[in-house]
Asker: 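Dropping the structure in here first, questions after.
Within every chain, numbering begins at 1; the chains are lettered A, B, ... in the order of the sequence lines, protein sequences first and strands thereafter.
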2 protein chains.
Amino acid sequence: MQNFTFQIPTKLIFGRGEENNVGQYVNQYATKILLHYGGGSIKRSGLYDRVVASLNEAGVQFVELGGVVPNPRVGLVRQGVALCRAEGVQLVLAVGGGSVIDSAKAIAAGVLYDGDVWELHAGGKPTGKALPVATVLTIPAAGSESSKVTVISNDDTLRKIGYHDECLRPVFSILNPELFFTLPRNQIANGVADMMCHIFERYFTQEQHTDVTDEMCEGVLRAIMRNAPLVYADPSNYDAWAEIGFAGALAHNDLLGRGRTECWACHGMEHELSAIYDVPHGAGLAVVTPAWMQYIWRENPAMFAQFACNVMGATPRRDTEAVIAEGILRLQEFFKALGLPLTLQELGVPTDRLEEMAKKTTGAWFGEEKGRGGFKKLVWQDVLAIYEMAR
Amino acid sequence: MQNFTFQIPTKLIFGRGEENNVGQYVNQYATKILLHYGGGSIKRSGLYDRVVASLNEAGVQFVELGGVVPNPRVGLVRQGVALCRAEGVQLVLAVGGGSVIDSAKAIAAGVLYDGDVWELHAGGKPTGKALPVATVLTIPAAGSESSKVTVISNDDTLRKIGYHDECLRPVFSILNPELFFTLPRNQIANGVADMMCHIFERYFTQEQHTDVTDEMCEGVLRAIMRNAPLVYADPSNYDAWAEIGFAGALAHNDLLGRGRTECWACHGMEHELSAIYDVPHGAGLAVVTPAWMQYIWRENPAMFAQFACNVMGATPRRDTEAVIAEGILRLQEFFKALGLPLTLQELGVPTDRLEEMAKKTTGAWFGEEKGRGGFKKLVWQDVLAIYEMAR
């Protein structure tokens, strides 16, 4: 186990009806806020009205900015930054899913950055400064309600890049599973894939002696896989959603990766798919992750056999290669049962720009081959081979 | 799953050599501190000198108070409160195990309390005020390095009572597994029993639909049980100590109990043993916990069968009672292999005051039968029966 530091500063406020208390929680940090959201779904569902009522009751003033789209764009972030500065906003409240929260975080960092906000993503160095962010989560998936990262897309450059800073962790996140009841099935499935892959990126490691985090990764993955079919079959199943929602927040608050070298190769590969083709992040991960496993398992068969048995329920036996193959196949079957794509073709991604995306993933496209991934550092030829396996 | 809030404000600083950085961490909170410790072990090991060197290097002034004993006493706490007030101390740094940390927390709360510090324990209502506490952990056991609780004993009244306040969570805790290499085997065993019982108190619940925390409780317990025999056989095994140390901090930071009704009956029963007979807390828990299980399992056989199979490795089969009995027996065998007592006799506790302790556990001794325990509320006759089963 490696040396590490660990803390969860975000207050998770979990359970039925908690969104009706958002005003009193906000009030501990700010008297004037930006209310940030996506399309019209929170207005149709009545959530917008409940949040506004709670803010009014607590005497919190707000300005608002809607219109966040999946794979959120830097253009709207720039609008948000300008609005916050003009209005003297003290906190950004995201009401939505991961895209809205990521957009809110980028705005919060941009307001206190002396330059264009995209420079933060392109440059990557944390400034340690941002307005406080808070969230009311409507889609359990991205884990942005507990993470320190914001991923933003740039239409001009067709890049999708994450910016990491500890100060971007929300001060609080309200997670009421009832708010997930209206999610369409494809969003349920994408979210499940996304949170599972957040754990996979931490779980697959070459580090030895990581029993505690191995056990927790495996346990949370099993809990997700037990409950995902239940919410997929009945999106109004509170108990199952509670497990999925809690798991999604744990998947990305960094607990599960402590003391380990994390990987993040698959997220890198997927971001290039989303950046060009605007595919859903979770669906893209469902395609590239099993392909990455098939390409990489020989680097550490014991790790993948452990995955196959402890997560996917394969029976331990001496033919390790068969056990691993069974594990990967079971993962693909699990994704397929949720209606997720297993190939680039099913995802709707053509194959004429695979080399470009592979080179962007590792940096080679920009003249510097940096490689990608903590499990095994992939060069662009590796990434291309993985894309090819996923065709 | 019940509604809950969750946050881990304590920064866990984990790994080799981290105690040598304590000065710079303290410096973020205070320029003058109380250095609080136990007997002479930290001086013999050289830890005291390293901590002092780091404080000096960071320009942190300190006064010191040693002499904390197991089952720490309110008398020394009162001395610490007076010393902190006289010297204008801004933070209490505990260098030691759970007893030292609990004593430090009681001092930190007492300094800002207008009255005798024992009133906080006797009264139980959190004031929300305490000096910041920080820790350098030398014994992984009590979990006080991450918890919000301090348990103090009173020689005058022979009571041992916990006081809970969110503000008592340490601002940071340094956990270097190398510091555990010199622990005697009985302290290793007591610590393992203590941290396992912290998880048991959260794990055994009547709440339904707690998959995520069930999985994490079970996984952390398995990790402890896999590594405890390794450190018991070779107390200089860093990798195994790292698992035990991380598990001990997770066992008591409240993550594993979120959304569940916790129990805490066994801790209540054990505190009465320690209060009168000054037995080690972990050893007392190793005696009362299996007895509690034998007494209580019929209240929820499915929960105890899950425990037997998922934690203790019993094979699932249709004779539930046999599965549960196997699970409890395996727990006793595990404790026994670590040299822990299984009976009050082996613990050195006579049987002439069992009724008094039973009545103190539930409050009946003080004229009000409040009952004890979240799994099933025990009255004093139940507690007496459990003590009798553990004779």
Side-chain angles (χ1 to χ4, degrees), chain A residues 1-18 25 146 171-177 207-227 230 237-251 253 255-256 258-259 310, chain B residues 1-18 25 146 171-177 207-227 230 237-251 253 255-256 258-259 310:
Chain A
M1 200 186 299
Q2 301 163 1
N3 284 20
F4 64 84
T5 64
F6 173 62
Q7 191 173 27
I8 303 181
T10 301
K11 177 176 266 192
L12 180 62
I13 301 157
F14 190 99
R16 296 179 198 271
E18 290 290 2
Y25 288 112
S146 66
V171 290
F172 69 82
S173 284
I174 291 175
L175 199 161
N176 173 3
E207 184 71 19
Q208 296 294 308
H209 304 295
T210 52
D211 277 10
V212 170
T213 40
D214 279 12
E215 289 277 9
M216 289 196 295
C217 286
E218 293 165 359
V220 177
L221 282 165
R222 285 191 299 265
I224 293 169
M225 294 179 71
R226 200 151 53 236
N227 287 282
L230 302 181
N237 183 332
Y238 181 91
D239 296 317
W241 266 131
E243 307 291 351
I244 296 287
F246 192 12
L250 289 169
N253 71 5
L255 170 62
L256 302 182
R258 293 302 83 178
N310 295 358
Chain B
M1 198 185 301
Q2 301 164 2
N3 284 19
F4 65 85
T5 65
F6 173 62
Q7 191 173 29
I8 302 181
T10 302
K11 177 177 266 190
L12 180 62
I13 301 157
F14 190 99
R16 297 180 198 269
E18 291 290 3
Y25 287 112
S146 65
V171 290
F172 69 81
S173 284
I174 292 176
L175 199 161
N176 174 4
E207 183 72 19
Q208 296 294 309
H209 303 295
T210 53
D211 277 9
V212 170
T213 40
D214 278 12
E215 288 277 9
M216 289 196 295
C217 286
E218 292 165 359
V220 178
L221 282 164
R222 285 191 299 266
I224 294 169
M225 295 181 70
R226 201 150 54 233
N227 287 281
L230 303 181
N237 184 334
Y238 181 91
D239 296 317
W241 266 131
E243 307 291 350
I244 296 288
F246 192 12
L250 289 170
N253 71 5
L255 169 62
L256 302 181
R258 295 300 85 177
N310 294 359

Asker: Using heavy-atom distances under 4.5 Å, tell me whether B/Phe172 contacts chain A through its side chain, its backbone, both, or neither.
Answerer: neither
Asker: Between B/Ile244 and chain A, which part of the residue has a heavy atom less than 4.5 Å away: side chain, backbone, both or neither?
Answerer: neither
Asker: Checking heavy atoms, do the side chain of B/Asn176, its backbone, both or neither come under 4.5 Å from chain A?
Answerer: neither
Asker: Quick one: of B/Ser146, B/Gly259, B/Gly219, who has the most non-hydrogen atom pairs under 4.5 Å with chain A?
Answerer: B/Gly219
Asker: Using side-chain heavy atoms (C-beta onward) and a distance below 4.5 Å, is B/Glu215 in contact with A/Arg226?
Answerer: yes
Asker: Using a cut-off of under 4.5 Å on heavy-atom pairs, state which of A/Met216, A/Gln208, A/Met1 scores highest against chain B.
Answerer: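 Ranked by heavy-atom pairs under 4.5 Å with chain B, first place is A/Met1.
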Asker: Atom NE2 of B/His209 and atom CD of A/Glu243: how far apart are they, to the nearest 0.5 Å?
Answerer: 8.5 Å
Asker: May I ask you to name which of B/Ile224, B/Val220, B/Thr210 has the most heavy-atom pairs under 4.5 Å with chain A?
Answerer: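 Counting heavy-atom pairs under 4.5 Å, the top option is B/Thr210.
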Asker: Got a sec, which residues hit side chain to side chain contact (heavy atoms under 4.5 Å, CB included) with B/Asn310, two or more places apart in sequence or on another chain?
Answerer: B/Glu218, B/Arg222, B/Gln306
Asker: Taking all non-hydrogen atoms of both residues, which atom of B/Arg258 and which atom of A/Phe246 are closest, and how far apart?
Answerer: CB-CZ, 4.1 Å
Asker: Give the table of side-chain donor-acceptor pairs shorter than 3.5 Å for residues 3-12 of chain B, with sequence neighbours excluded, one pair per line with atom names and distance.
Answerer:
unit_1, atom_1, unit_2, atom_2, d
B/Asn3, OD1, A/Arg16, N, 2.9
B/Asn3, ND2, A/Arg16, O, 3.0
B/Gln7, NE2, A/Pro9, O, 2.7
B/Thr10, OG1, B/Pro170, O, 2.7

Asker: So which of B/Gly17, B/Ala249, B/Ala223 has the largest heavy-atom pair count under 4.5 angstrom toward chain A?
Answerer: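 That would be B/Ala223.
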Asker: Looking at A/Asp211, A/Leu255, A/Asp214, which one has more heavy-atom pairs under 4.5 Å with chain B than the rest?
Answerer: A/Asp211
Asker: Which one wins on heavy-atom pair count under 4.5 Å against chain A: B/Asn253, B/Asn227, B/Val212?
Answerer: B/Val212
Asker: Pick whichever of B/Ile13, B/Leu250, B/Asp239 has the most heavy-atom pairs under 4.5 Å with chain A.
Answerer: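 So the answer, after comparing B/Ile13, B/Leu250, B/Asp239, is B/Asp239.
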